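Worksheet: the structure to be examined is printed underneath.
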2 protein chains.
Amino acid sequence: MHARRPATLASLAAELGVSRTTVSNAYNRPDQLSPELRRRVLETAKRLGYPGPDPVARSLRTRKAGAVGLLLTENLSYAFRDPAALAFLEGLALACESAGQGLHLVPVNPQREDIANVHRAGVDGFVVYSVPDDDPHLAAVLSRPVPTVVCDQPRVEGVDRVGIDDHAAITKIAKRLISLGHRRIGVLCMRLGRDRNDSFVSLDRQRSAHFHVQRTRLAGLADTFTAAGVNWADVRVVERFDHSQASGESAAAQLLDADPGVTAIICTSDILALGAMTEAKRRNLRVPQDLTITGFDGITEARRVGLTTVRQPVLEKGKAAGKLLLGAAEANRQREITLETELVDGTTSAPPRTAEERWFGP
Amino acid sequence: MHARRPATLASLAAELGVSRTTVSNAYNRPDQLSPELRRRVLETAKRLGYPGPDPVARSLRTRKAGAVGLLLTENLSYAFRDPAALAFLEGLALACESAGQGLHLVPVNPQREDIANVHRAGVDGFVVYSVPDDDPHLAAVLSRPVPTVVCDQPRVEGVDRVGIDDHAAITKIAKRLISLGHRRIGVLCMRLGRDRNDSFVSLDRQRSAHFHVQRTRLAGLADTFTAAGVNWADVRVVERFDHSQASGESAAAQLLDADPGVTAIICTSDILALGAMTEAKRRNLRVPQDLTITGFDGITEARRVGLTTVRQPVLEKGKAAGKLLLGAAEANRQREITLETELVDGTTSAPPRTAEERWFGP
DNA sequence: TATTGGTTCTGAACCGTTACCGTCAGGCCA
DNA sequence: TGGCCTGACGGTAACGGTTCAGAACCAATA
């Protein structure tokens, strides 16, 4: 029944007539006492039901918790739905596992600003994954006196960082579409701030977005298309708070309703792109003949449908974050890791139809 | 830089000329001191870089860690690959989240019997998910003086439990196949013990399997088919250590090589069944006309391909486990939760072809 | 005036362990 | 015989908080 804690290291020591130190050593440093005594200690422990040194007390004394905290501002369960987040989690878990460290998922209620849970987590360090840069939980983590690694976040002074070059990555997509001939495009992006705005995005909101990744990708698109002679102010960008295929569908619908003339929809995630493809099919728009659609991430599902996208090594990101954090003691280590991305040419991108083709068929 | 811990509650108190109690109250019981003093405390804390009460020390004193431990004997990352395990994890995470509890994934190296990590986890309770009944980690968890909930495990005296009736569930499949007319069947199952046996399974090994779920499902099949006049000793059961579609493929191949005459392959998981379907296709066996294939779990992918299977509420299992654990203080609570399962008739099951049809076509 | 009650703060005990250093006995060597 | 070393164990002091029973003070009530 494990009712109440019956024995402590001290009571065990008293029972045996030895010091607490000796009992402690029996568990932690077998070489520090005679095998015979150790045997007696362990045997008595079993008899009294002593479960071994209390992990919390040990942590207090040794100043090691044996666990890494993970902060995701989304509902914890979000991480289990989104393939990219999942792969990141897996990579991080692998790194923790091989270092014998636990992985402590910090519970966060995105509505209430529940900073307390960050302060309550007994961990040796934090990994922060893709939270808005003005998130109070992030601030709470940074205020804790433990090493931290941020991922898909803006740089923070003195904090290790893992990520990709989002600007360069999305530029690969943009350049490809430009070279195919696309000039009239639309964009679907994930949420840009903690407030919900399921609609078009003003230039101002684009620039002041609090999600680093989204802000940077939009900036990359703006820069590249502007350089190609497109007036970015005319490009419609549709935002969705929830990250799901359904969001991609409705966002694509909103975009196509507003401007049926777009020849390409660029999405800042594969999930959104998959939704957009569903919406295209509903409208009898053939992809890529009638409409080009691109994604971002390179998730398995995207590969299956042949989505044109940018693949990023999400699992490696998780691994890298873990290694960076757990190797924090190493001197002169690299403080920032930027992973490579790769353009994946799929079957969802093609040159736009000419005006003639639009009317008379290909 | 968060270099070294500069301040403690005591040093803050000294700086302010108040007692430690007062500083503690400033954080935990704002009503216990004047607003003015509280403001001074918090301000001084900020000035000295005091990050608030140390979570580990607090845990030691309050005997609450604010986290739930999760033990999966598989590699931690396994949980992120297997859809069923994932859904369970999500459900558990949801329950933790709504209770404001962290979720601490205990790192376990399945090779080395690394019990230490179980003892090191500072948690208020454990959830144990689908580990072999002779697993030393399970024993280690049970030796800890904290509440525990086991899931998909055999009953343990005094320990809460969540699960389904595996025997009844697989019997639904068995009866369906029997009523369709299948008598010559084969079975694909997941690993039955900690040792690797990627081959046929003896009756003895079936009965002494250490994974409760697999053992029970096999027993259910044996009972039901025996009652239908099938000599169970003649039924080939193929085991695979790794749980993957590739395993399902190779296991199905092994089975079909040994007995090309089977009319149905019953799998104890959807993943294995999906692999079996791939192998069937490779052999130009039409499903279900030439071969019936069934799964177990009811994962999304199974629904997509129309697999005949038994759906179990995996996410709810996770939620239930969390609630049971976190509501442990409630008196007279239910100590065991058994969730319902449902037979899903898909398009992968049909009556067996007659001998005549086998030779002359349908 | 004495009592009551409420607010604000303090003192001391306690949570269970490990780090650090000291002690002591016995053996070895010169 | 004396000095030194080694193995085995003990004592003390943290580690950084929370809690509970009161003390001190002041205003209000009987």
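Treat the numbers as computed from the prediction; the structure is a model and nothing was measured. Sequence lines set the chain letters: A, B, ... in the order given, protein chains first and strands last, and positions in each chain run from 1.
The phosphate of D/dT18 (OP1 or OP2) has a side-chain N or O of B/Ser24 nearer than 4.0 angstrom. The phosphate of D/dG16 (OP1 or OP2) has no side-chain N or O of B/Thr8 nearer than 4.0 angstrom. Distances shorter than 4.0 Å separate none of the side-chain N or O atoms of A/Thr62 from OP1 or OP2 on C/dT17. Distances shorter than 4.0 Å separate some side-chain N or O of B/Thr22 from OP1 or OP2 on C/dT10. Contact between the side-chain N/O atoms of B/Asn28 and the OP1/OP2 oxygens of D/dT18 is found at a separation under 4.0 Å. Within the 4.0 Å cut-off from OP1 or OP2 of D/dC15, not a single side-chain nitrogen or oxygen of A/Arg63 is found.
We find that CD of B/Gln32 is positioned 16 Å from P of D/dG22, with the value rounded to whole Å. The nearest whole Å value for the distance from the CG atom in B/Leu9 to the P atom in D/dT19 is 12 Å. Rounded to whole Å, atom C1' of C/dA19 lies 19 Å from atom OH of A/Tyr27. The distance from atom CZ of A/Arg40 to atom C1' of D/dC9 is 12 Å, rounded to the nearest whole Å. Rounded to whole Å, the distance from NE2 on B/His119 to P on C/dT18 is 13 Å. Counting to the nearest Å, the P atom of C/dT10 and the CG atom of B/Asn25 are 10 Å from each other. Across the protein-nucleic acid pair, A/Arg120 atom CZ and D/dT18 atom P stand 12 Å apart, rounded to whole Å. The CZ-P distance, from A/Arg38 to D/dC9, rounds to 12 Å in whole Å.
Here the closest non-hydrogen pair linking B/Arg335 and B/Gly158 is NH1-O, 3.6 Å. Taking both residues in full, the closest heavy atoms of B/Arg47 and B/Glu15 are given as NH2-OE2, 3.4 Å, listed atom of the first, atom of the second, then distance. Of all heavy-atom pairs spanning A/Phe80 and A/Leu86, the tightest one is CA-CD1, 4.0 Å. Smallest separation of non-hydrogen atoms from B/Gly163 and B/Lys317: CA-CD, 4.3 Å.
Closest to the A/Arg20 side chain, of the nucleotides C/dT18, D/dT19, C/dT8, is C/dT18. Closest approach to the B/Arg61 side chain among D/dG16, C/dC9, D/dC9 is made by D/dG16 (side chain taken as heavy atoms from C-beta onward). Distances were taken from every side-chain heavy atom of B/Ala57 (C-beta onward) to each of D/dT12, D/dG17, C/dC9; the shortest belongs to D/dG17.
Backbone-only contact: B/Arg29 has heavy atoms under 4.0 Å from sugar-phosphate atoms and none from a base. Using a 4.0 Å heavy-atom distance criterion, A/Leu60 is classed as a base contact. Heavy atoms of A/Val56 sit nowhere under 4.0 angstrom from any nucleic acid atom. Across all strands shown, B/Thr21 has heavy atoms under 4.0 Å from base atoms, whether or not it also approaches the sugar-phosphate.
The pair B/Glu336-B/Arg155 meets the salt-bridge criterion, since a charged nitrogen lies less than 4.0 angstrom from a carboxylate oxygen.
Taking OG of A/Ser34 as the start and CZ of A/Arg39 as the end, the distance is 10.0 Å to the nearest 0.5 Å.
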